[in-house]
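Keep in mind the model is a prediction, meaning the values are calculated, not measured. Note that ligands are numbered from 1 as they come in the structure, with each ligand's atoms numbered from 1 the same way.
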Amino acid sequence: MELTIVDNYQEMSERAAALVVAAVETKPAAVLGLATGSTPEGMYARLVKLSREGKVDFSRVTTFNLDEYAGLAPEHEQSYFYYMHHHLFNLINIGPEQINMPGCDLENVEQFCLEYDQRIAAAGGIDLQVLGIGGNGHIGFNEPGNQLRVSTHLVDLTEDTILANSRFFKAVEEVPRQAVTMGLGSIMLAGKIVLLASGKAKAEAIARTVCGLVTTEVPASFLQLHRDVTIIADREAAALIS
Ligand code: F6R
């Protein structure tokens with residue numbers, strides 16, 4: 001694991017965007033795995049700026065998002081479909097046929113999950129996977145527990161996650177209780193992984209990810225087993241690493 005500690009959120013965002021740009025420069029038809037949430041917003045803003053300046057070209061890129069709330073319509077302002085279009089896809093040169101989101105009809109969720117992993121494989125696998133991390137150590141929506149799933153699946157969100165994400169909704173009752181997420185195996189198959197963390201709410205999870213035991217209680221700790229992971233954490237998020 002390579003750990004880069006930066007001063008603040010802005011620097012984290014710029015470093016992360018630079019890694020994405022480098023991946024697309026190296027391979028113009030790169031396959032990117034993308035995350036949502038507060039953490040990567042600054043990275044997306046930077047990528048939009050660089051794209052407008054002609055410094056990165058997304059015209060041949062394919063994207064796969066990590067997760068989506070179950071049961072939220074794409075046009076819902078808190079859906080990850082909406083988030084990604086609002087922060088990135090509508091603002092760069094990428095077409096709908098290049099974008100893959102794990103939002104689906106819940107009646108056919110198992111078939112959808114199977115096909116999502118098949119689509120990733122058919123695209124040649126993910127070259128660069130961007131991750132955030134939950135305060136509880138989740139990546140994607142792979143929540144802490146006794147076991148972890150390998151492939152894309154429907155998951156029950158933990159109370160921690162529902163509470164943490166209620167900041168985006170009018171009331172905690174409005175937060176969906178389930179999501180579709182890539183599994184740990186799908187994430188670990190990425191060629192390169194970059195995990196972003198900012199703020200003291202992430203400090204314990206980052207410390208356990210970097211120097212704790214590999215355990216299903218901290219899903220991100222499995223990243224210790226991947227050969228090309230870069231963690232970009234600001235000082236607050238890195239504060240408990242010993
Ligand atoms: C989002 C995702 C989640 C978030 C995590 C942190 O696509 O996969 O794992 O990265 O919940 O969220 P923020 O960045 O809002 O603190």
Check: Thr63/Asn100 side-chain N/O donor and acceptor closer than 3.5 Å:
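There is no such pair between these side chains.
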Does the side chain of Asp57 come under 3.5 Å of the side chain of Ser59 through a donor N or O and an acceptor N or O?
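Yes, side-chain donor-acceptor contact under 3.5 Å.
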Looking at Glu204, I want to see if its CD is surrounded by more than 12 non-hydrogen atoms of other residues, nucleotides or ligands under 6.0 Å.
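Count not over threshold, so no.
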For Arg227, does the CZ atom have more than 12 heavy-atom neighbours from other residues, nucleotides or ligands under 6.0 Å away?
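No, CZ of Arg227 has 12 or fewer neighbouring heavy atoms, counting only those of other groups under 6.0 Å.
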Heteroatom proximity flag, Ser38 to ligand 1, N/O under 3.5 Å
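So ligand 1 has an N or O lying under 3.5 Å from an N or O of Ser38.
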Considering only non-hydrogen protein atoms, determine which one is nearest to [atom] and report residue, atom name and distance to 0.1 Å.
{"atom": "atom 8 (O) of ligand 1", "value": "Asp67 OD2, 2.6 Å"}
{"atom": "atom 14 (O) of ligand 1", "value": "Thr39 OG1, 2.4 Å"}
{"atom": "atom 11 (O) of ligand 1", "value": "His138 NE2, 2.7 Å"}
{"atom": "atom 16 (O) of ligand 1", "value": "Lys202 NZ, 2.7 Å"}
{"atom": "atom 1 (C) of ligand 1", "value": "Thr36 OG1, 3.2 Å"}
{"atom": "atom 6 (C) of ligand 1", "value": "Ile133 O, 3.3 Å"}

Using the six-membered ring wherever Trp is involved, compare the ring planes of Phe141 and Tyr80 and label them parallel, tilted or perpendicular (cut-offs 30° and 60°).
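Ring orientation, 0 to 90° scale: parallel.
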Can you say whether the rings of Tyr83 and His87 are parallel (under 30°), tilted (30 to 60°) or perpendicular (over 60°)?
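Correct class here is tilted.
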Show which atoms of ligand 1 fall inside a sub-4.0 Å distance from at least one heavy-atom site of [X].
{"X": "Leu66", "answer": "8 (O)"}
{"X": "Gly37", "answer": "14 (O), 15 (O)"}
{"X": "Arg167", "answer": "13 (P), 15 (O), 16 (O)"}

Which part of Glu68 is near ligand 1, with near meaning a heavy atom under 4.0 Å away: side chain, backbone, both or neither?
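Near ligand 1, Glu68 shows nothing, with every heavy atom at 4.0 Å or more.
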Taking side-chain hydrogen bond (donor to acceptor under 3.5 Å, both in side chains) as the criterion, tell me which of Thr161, Thr181, Thr216 meets it with Glu143.
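Exactly one option meets the side-chain hydrogen bond (donor to acceptor under 3.5 Å, both in side chains) with Glu143, and it is Thr161.
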Proximity winner for atom 9 (O) of ligand 1, if only heavy atoms of Gly140, Gly132, Gly33, Pro219 are counted:
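Going through Gly140, Gly132, Gly33, Pro219 one by one, Gly140 has the nearest heavy atom to atom 9 (O) of ligand 1.
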State which residue, out of Ile232, Leu19, Leu131, fulfils the side-chain contact (heavy atoms from CB on, under 4.5 Å) condition with Leu196.
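Between Leu196 and the candidates, side-chain contact (heavy atoms from CB on, under 4.5 Å) is satisfied uniquely by Ile232.
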